[in-house]
Enquirer: 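Supplied in structure tokens, the structure appears directly below.
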Amino acid sequence: MTALNISGLSKHFGTTKAVDSATLDIEAGQFVGVIGRSGAGKSTLLRLINRLIEPTEGSVSFDGVDITKLKGKALRQWRRDCAMIFQQFNLVDRLDVITNVLIGRVAEHGVLSSTAMRFSDEERTMAAKALDRLDMVPFALQRAGTLSGGQQQRVAIARALVQNPRIMLADEPIASLDPGNATRVMDALRTINEEDKLTVLVNLHTLDTAREYCGRIIAMRQGQVMFDGPAHELTDAVVRDIYGADGLDDFNEAVTSTSVGNRPRVAA
Amino acid sequence: MNVTEKEIAHYRAQVPHLYSEPLQVRLQRAAVWVGIVGLFIYCLIVFDFSPARIMTGVERFGRVLSFMFPPYIWTSWFEFAPILEGLLETLAIAFLGTVLGAVIAFPLSFLGAKNINRIPFLRHTTRRGYDVIRAFETLILALIFIRAFGLGPLPGILAMAVSEIGTFAKLFSEAIENTSEKPVDGVKASGGSRFQTVRFGVMPQVSPVIISILLYNFESNVRSGTILGIVGAGGIGFLLSDRISAYKWDEAWSIIFLIIIMVYIIDWLSAKIRKKIIGEFGDTK
């Protein structure tokens, strides 16, 4: 069953085509990795799906609803349905962890209850459960800014979970984490994908992570989708093409690898 | 994600403060609110903020406002020249006062910044120095300087400069403290001296902030510069207070209008300059 339909989606910044007529169908429950070099349009693609930015052309629809046309309340509800986690975690440093997680519930609240930052006991328990899944309950009352990067990213995932999302977007979630934390975060995403049957779309810098976790890989170059298929079809020739590594003799995935205990793959 | 009563009870038992803040915190917060509201009401009573007094005041104010019409128009150059001169003098006082204050405050601000001056005793002494200067309101300084230097713009400029030293030094040193250590480490790791880390690492970060502060305070000084004239320290304020005390309300109102126009133009210009300069520097945060 197709969940997310992207057709002819483009985003132009001046004369730059950040995303250039991308067309993709993503099925419910898939774990999809998006790869490509910096500036290839990966982040723009995710932001277009979440409607943090507006497309220049084309459309995105989810379960048959065209989300590029949504406005006001319907748009906010779409953003709730389509949870997003970021490279820099985007937590509110000065708020405690539990309140950061409860921000995932704001779409259900009006002006008054938000002003007082008032949440129900059910919502607090949802937040606690989400934190528990990520082993973060002991930090619940600490300020988010005092946590390490890996811990902050897990709080961000908990915030995404309490949104009760239908799809989860992750924009380079492990790019600023050490290998141990990167593994924990990716494992958490995998667990969510498998247990909650949630569609996950994740931008990645590291190819071996993409191969390890993603059933399907989409590669972008200069805003266009250059490759779309299962991980094993992503050959070195394709990788070279995507990253434009023609001039580099020893293009080696192991150089960018953040995995623990993975011996370097030898480029064939 | 469904939640059962059992789960609520489980997490409430595990981390009770997830659900309600500690009693002590709630009591403290309530006490602070009661204190603020209580003090506010007490002050209202002490200063007799009765609705009746407010009403009579508003009535009289309406009469004063009505003198605005018809507005007074200066017909001859001979009559208007002193007004224009007063306006320009106010501008000049604000400009000189701001620049003079900034030039003196700039080096002092480094002495008060934690990331530059690492000797706590010297830093705290400098900071208390800023506080002492800022404790004097410009108007009080002007009254003192008039005694020393005589009437005219000179005591006004000095009063403004001195009070700005305190303000600028404090604001600049805070801007310096709020800079990121990263570029500084970059310069240091390249073999930069202490001065070079400041010049290449700190200064590019603070200069847009400093310019922004300078422009804002210049604006604010143009406004407060009009008051200085009232105590005899030069500028348009002298003419204004003279017209008010002579009950020439129509002319006074026209002067007030000119001041508003002048302040508005300065605001507008400095907003443009700020946008241009900060824009050029990009987002240095």
Side-chain angles (χ1 to χ4, degrees), chain A residues 80-81 83 88 93 95-105 107-108 115-145 155 157-168 176 188 191-192 195-198, chain B residues 1-38 40 114-115 171 174-186 189 201 205-206 209 275-276 278-285:
Chain A
R80 176 203 57 197
D81 289 342
Q88 293 299 332
D93 286 353
L95 290 177
D96 56 9
V97 164
I98 187 79
T99 312
N100 266 289
V101 177
L102 286 165
I103 287 174
R105 302 297 305 164
E108 321 295 332
T115 309
M117 286 199 183
R118 206 164 260 297
F119 295 92
S120 70
D121 284 358
E122 283 75 23
E123 286 173 315
R124 289 178 181 277
T125 309
M126 279 174 74
K129 269 171 82 177
L131 285 171
D132 215 357
R133 284 180 78 173
L134 297 145
D135 301 325
M136 288 298 290
V137 171
F139 303 96
L141 298 171
Q142 218 168 301
R143 269 194 190 179
V155 174
I157 295 174
R159 175 176 68 186
L161 281 176
V162 300
Q163 289 175 229
N164 278 340
R166 296 156 75 188
I167 179 171
M168 176 97 82
S176 22
T191 313
I192 290 158
E195 287 177 4
D196 306 11
K197 307 280 174 260
L198 206 59
Chain B
M1 213 191 304
N2 286 318
V3 172
T4 61
E5 286 297 320
K6 222 177 115 192
E7 282 172 327
I8 297 181
H10 167 74
Y11 285 109
R12 197 193 284 277
Q14 203 185 338
V15 197
H17 295 327
L18 278 188
Y19 294 89
S20 59
E21 282 170 303
L23 184 65
Q24 201 193 342
V25 172
R26 277 181 289 164
L27 283 178
Q28 275 172 359
R29 189 172 303 156
V32 168
W33 276 109
V34 168
I36 292 172
V37 173
F40 187 81
K114 204 193 292 182
N115 50 345
L171 291 175
E174 270 164 16
I176 293 167
E177 282 184 359
N178 281 332
T179 53
S180 162
E181 277 288 305
K182 289 176 191 168
V184 174
D185 282 346
Q205 296 188 66
V206 281
V209 184
K275 205 172 161 193
K276 191 163 163 37
I278 309 286
E280 267 174 30
F281 279 96
D283 40 344
T284 36
K285 277 211 178 136

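Letters A, B, ... mirror the listed sequences (proteins, then strands); counts begin at 1.
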Enquirer: Is it the case that over 12 heavy atoms from other parts of the model lie below 6.0 angstrom from the CZ atom of A:Arg118?
Expert: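 No - once you tally the heavy atoms of other residues, nucleotides and ligands closer than 6.0 Å, there are 12 at most.
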Enquirer: Under 4.5 Å from any heavy atom of chain A, what part of B:Tyr19 do you find: side chain, backbone, both or neither?
Expert: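 Both parts, heavy atoms under 4.5 Å.
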Enquirer: As an exercise, state the distance from CG of A:Asp132 to CD of B:Gln14, rounded to the nearest 0.5 Å.
Expert: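 Answer for the CG-CD pair, A:Asp132 versus B:Gln14, is 6.0 Å.
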Enquirer: If every non-hydrogen atom of A:Glu122 is compared with every non-hydrogen atom of B:Val3, which pair is closest and at what distance?
Expert: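 Between these two residues, the closest heavy atoms are O-CG2, 3.7 Å.
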Enquirer: From A:Thr125 OG1 over to B:Arg12 CZ, what is the distance, rounded to the nearest 0.5 angstrom?
Expert: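 CZ of B:Arg12 is found 7.5 Å from OG1 of A:Thr125.
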